[in-house]
Each structure stands twice: as structure tokens, then as C-alpha cells.
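Below: the structure, in C-alpha cells.
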Number of protein chains: 2
Amino acid sequence: MKVQKEMVREINEAKIIEAAEIIFAQFGFKGATMDKISKQAGLPKANIHYYFKTKSLLYQVVLERILQEWMIAAQVFDNHQEPKIAITQYIESKMQFSRTRPYASKVWANEVMHGASVVGKFLETTFKTWLEARIKVVNEWIDSEKIYPIDANAFFYMIWSMTQHYADFEKQLEILNDGHPFTEQEFNNQTAQVVNLVLTSVGLGKK
Amino acid sequence: MKVQKEMVREINEAKIIEAAEIIFAQFGFKGATMDKISKQAGLPKANIHYYFKTKSLLYQVVLERILQEWMIAAQVFDNHQEPKIAITQYIESKMQFSRTRPYASKVWANEVMHGASVVGKFLETTFKTWLEARIKVVNEWIDSEKIYPIDANAFFYMIWSMTQHYADFEKQLEILNDGHPFTEQEFNNQTAQVVNLVLTSVGLGKK
DNA sequence: GTCTATACGTTGATAGAC
DNA sequence: GTCTATCAACGTATAGAC
């Protein structure tokens, strides 16, 4: 019996976290209400409070899940030594994240825009450490003249901004795309454009 | 006497709009309270309601001001026929906007991320028209082989995302920049990096 | 035009029956 | 573990004195 109860808990917590991510993404932290989240999750409001004591705590848990996924996507950068492959796969992985997890990206953007008071610590520690190591790699590519000399920090900022733009500004892109969201093909084309722009800019373009 | 009253109105409205922009940027629409705005403006809360009947109306006015400024910044693109100069100046102008008006950029990002329910109409009309005309210009550059063939839409999306990133993700960049905001010099360097990345990617790089 | 006091709605959180 | 009823806090908006 105990096992079954634990399973109920796991299932419900997962349901709630997923629902919360959607609502936080659409309305921001303040704009999201426990009532909206409960309806999105298909559970009574009181149950949300039963599983997550407070709204702030639920928000933190949602962010933690996003951080984990980000770190996993980040690992792709280390899969290959060859700059062209590493950069291509990293961009494609980030674009895929924007495509499949737009809500996660928006929650993140919201959190950072409003001061990063919850994820600030993570940025200062784990994230900064990750970035510094990758910057070393990029600088080695520059030293061995595999790519053009660039500011490695700016290089990453630009990849992040371009790829996340497709999630965070989804609605704007949809409107400019004659009112309909990108098809799979259109999105793949946009991905190719980002890859091409970045590769060309560091001297790894096609011809 | 009537003139003086009108001046009082103008001055106070300006004060309130400016304050509201800051608060909306920092807390989002829901998170912003009339109380916070009034304190930021240095006026009693009731006066905010006297000048702007509702919070929604104030929000709309704040967004309208931002739209106006955007269109002005957009004009820079038409100042020169030569692609290298036009692109460079457009990027620099957008970066300057991010630098001097980060709150405006954040309010915009927030609005679009949460569904663009207020600025949607503007995007569908004025903005889309502006973009289509500029895309024609870029495609002419491609046809006359002045720049590499690229997807003109994606080209603009990338410029917007990279430049706005410096406003919207200010806090993240600050943390990664050893905890302090970009100095004037550092920001100018980032601007140069963006310009260089874009120019190089379309075949207008230095050498 | 300014400001205090307040009405009214919404929302986060809990109590307590099942 | 589920759910209804309810409370307390907060926030928008207004009334009405100055």
C-alpha cells in the first residue's frame, strides 16, 4: 500500500509541476494563480497546497527542473572536439529546446528579467563555472586558428539570445509569419540559418 | 492659469509613465502595483488613478511610448543604401536602445512573452509592413550580390534577439561579468562583436 | 488638482469533514 | 490522500473632504 501512495504522490507532483510551468510562463510569477495552476493540472486547488506548501516553493521546483534540463542540453557542446561539429550540435540542441520546451524558456526569461532572485545563485556558481570552461575551449580554437578571433563570451551570449528568441518571442514570430506558428520545416530552416550565420561568422562557413 | 494646469498635467503624466515603465519592467503587469508605481513617481496613489483611470490604461500608454521609440530607432536602417553602413548603424542603434532604455525593452519582452494581447495589432500592421519593406531591401542586396544569400526574415530576428538580449538578460550578463554591469567600454566592445558577427556572416567582414 | 479613508474583489493559504 | 468552506491579506478603484 505504501508503494501505491508514493506513486500517487509522484504522479500528482509531476502533473502539478508541468501545469505550473505552463501557467508561470504565460502569466509570470505574480500573474499565475494557484487556481489557474490547479485547473491546468486537473486537481482541486487545495491539493496543490498539499503537495507544495507555498506558491514560491512550487516556483522554485519548476525552476530547478528547468536548470537540470539546461545542463543536459549544455553537455552536447562537449560531444566533439571539432569546432564545426560542436557548435552546430550545440545550436541545434538549443533550438530543439526552444521548440519542444517553450514554456521552460519563458519561465527562465521571466525569472532573469525580474532580477534572477531565485536562480541568481545557480548563475554565479554552476553556470559560471560551466561557461568559463567552454570559453577556454573556444579560445583554444582561436589560438590554433581553427576559428576567427572573437570574444568568446559574446559568442555564447549570441548563441543563447538567438536560439532562445524562438521560444520567448514565439508569439511575435508567429504574427510576422503571416499569423501561423512555424511548421516543422520552417523551424528547421530557421535552425539552419542560425547555424549558418554563426559558422560563417567564425570562418567555418560552407565553402 | 489654464496653461499652468495643463503643464502640471503634462509633467505629472510624464513622471507617472516613466515610473510605470520601471515598475512594469521589474515586476510584470500583474506584479506591478499602483502603490509601487506611485512611490516610484513620488506621488500619492490616488493621483495615479486621477491621471490614468485604470492600471490597464496606464500600461497601454507605456507601451505606446515604447512603440514610438522603436519606430524611430528603426528609421536608422534607411539612412544609407550601402549595406555595410545600414546594417552597422542599425545594430548600433538597437544596442544603444538596450543600453539606455533597458526597462522599455523588458516591458516589451514581457508583453510579447505573455501573448502580445496589447501590441498584437501593432505587430500585425505597422510593424509587419515595416519589416516587409526592409526585407525587400535585403533581398535586393542579395540579388545584386552585395551580401551572401540569407533568409532575410531570420536575419532580422537574429539582430533583434542579439541586441535586445543585452537589455532583457542584463542581470544574467552582469552575474557572468564577475558580478558587475558592463562598463561603457565593455558594452562598446560587445556592440562591436555583434556588428562584426553579423557583417562577417553576410560577407561584409573586415578584410 | 491633491490626498485620506474605504469599499470591494481577488488570491494565497488553512481548517476540518470525508 | 481528497476536497469544500472559509479566512486574512492585499490590491484596484473610488468617494469625498480639502
Side-chain angles (χ1 to χ4, degrees), chain A residues 1-63 107 110-111 114-115 117-118, chain B residues 1-63 107 110-111 114-115 117-118:
Chain A
M1 290 307 108
K2 206 184 168 192
V3 176
Q4 277 185 18
K5 287 221 172 176
E6 274 167 22
M7 255 170 73
V8 169
R9 169 167 280 272
E10 252 176 81
I11 291 168
N12 280 342
E13 281 184 357
K15 252 199 273 188
I16 293 167
I17 291 170
E18 210 161 318
E21 187 180 271
I22 294 173
I23 301 301
F24 282 133
Q26 283 180 333
F27 303 96
F29 177 75
K30 253 294 183 173
T33 66
M34 297 304 263
D35 190 58
K36 281 198 185 106
I37 293 170
S38 73
K39 268 162 190 144
Q40 177 74 33
L43 290 169
K45 192 173 69 154
N47 289 33
I48 314 292
H49 276 103
Y50 173 72
Y51 286 109
F52 300 91
K53 208 93 182 56
T54 67
K55 186 184 175 185
S56 289
L57 178 65
L58 176 54
Y59 179 64
Q60 284 171 38
V61 172
V62 167
L63 278 172
V107 172
N110 234 300
E111 159 69 8
H114 297 349
S117 47
V118 177
Chain B
M1 290 308 105
K2 205 184 168 192
V3 177
Q4 277 186 18
K5 286 220 171 174
E6 275 169 21
M7 254 170 75
V8 168
R9 169 169 278 272
E10 252 176 81
I11 290 168
N12 280 343
E13 282 185 356
K15 252 198 272 187
I16 294 167
I17 292 170
E18 210 161 318
E21 186 180 272
I22 293 173
I23 301 300
F24 282 133
Q26 284 180 333
F27 303 96
F29 178 74
K30 252 293 184 172
T33 66
M34 297 304 263
D35 190 59
K36 281 197 186 104
I37 293 171
S38 74
K39 268 164 190 144
Q40 178 73 33
L43 291 168
K45 193 173 65 156
N47 289 32
I48 314 293
H49 276 103
Y50 172 73
Y51 286 109
F52 300 91
K53 206 95 183 59
T54 68
K55 186 183 173 183
S56 291
L57 178 65
L58 176 54
Y59 180 63
Q60 283 171 39
V61 173
V62 166
L63 278 172
V107 172
N110 234 300
E111 160 68 9
H114 297 349
S117 47
V118 177

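Convention: sequence-line order gives letters A, B, ...; per-chain numbering from 1. Since we're looking at a predicted model, the values are computed, not measured.
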Atom-pair distance (CD1 on I11(B); P on dG1(C)), nearest Å: 12 Å

Rounded distance in Å - CG (D35(A)) to P (dT4(D)): 12 Å

- request: Hey, could you give me each pair passing side-chain hydrogen bond (donor to acceptor under 3.5 Å, both in side chains) that has a residue in residues 17-31 of chain B? Not counting sequence neighbours.
  value: E21(B)-R65(B), E21(B)-R101(B)

message: Does anything in residues 12-27 of chain A come within less than 4.0 Å of DNA chain C? Heavy atoms only, and list the residues if so.
response: none

task: Pick base, sugar-phosphate or nothing for Y51(B), based on heavy-atom distances below 4.0 Å to the nucleic acid.
output: sugar-phosphate

message: N12(A): which residues meet the side chain to side chain donor-acceptor pair (under 3.5 Å) condition with it, sequence neighbours left out?
response: Y51(A)

query: Taking only residues two or more places apart in sequence or in another chain, which ones pass side chain to side chain contact (heavy atoms under 4.5 Å, CB included) with V118(B)?
result: Y59(B), Q60(B), L63(B), E111(B)

- request: Can you sort out the partners of A20(A) under side chain to side chain contact (heavy atoms under 4.5 Å, CB included), two or more places apart, ordered by chain and number?
  value: F24(A), I37(A), L58(A), V62(A)

Separation of dG11(D) C1' from K39(B) NZ (nearest whole Å): 12 Å

task: For H114(B), check side chain to side chain contact (heavy atoms under 4.5 Å, CB included) against everything at least two apart and list the hits.
output: N110(A), N110(B)

- request: List the protein contact pattern of nucleotides 13-18 of chain D with one symbol per nucleotide (5' to 3'): B for base contact, S for sugar-phosphate-only contact, - for none; contact means a heavy-atom distance under 4.0 Å.
  value: BB----

task: Could you list all the salt bridge (charged side-chain N to carboxylate O under 4.0 Å, His left out) pairs where at least one residue sits in residues 37-61 of chain B, not counting sequence neighbours?
output: D35(B)-K39(B)

- prompt: Nearest nucleotide by nearest heavy atom, which residue falls closer to the 5' end of DNA chain C, T33(A) or P44(B)?
  reply: P44(B)

- prompt: dG1(D) P sits how many Å from E10(A) CD, rounded?
  reply: 11 Å

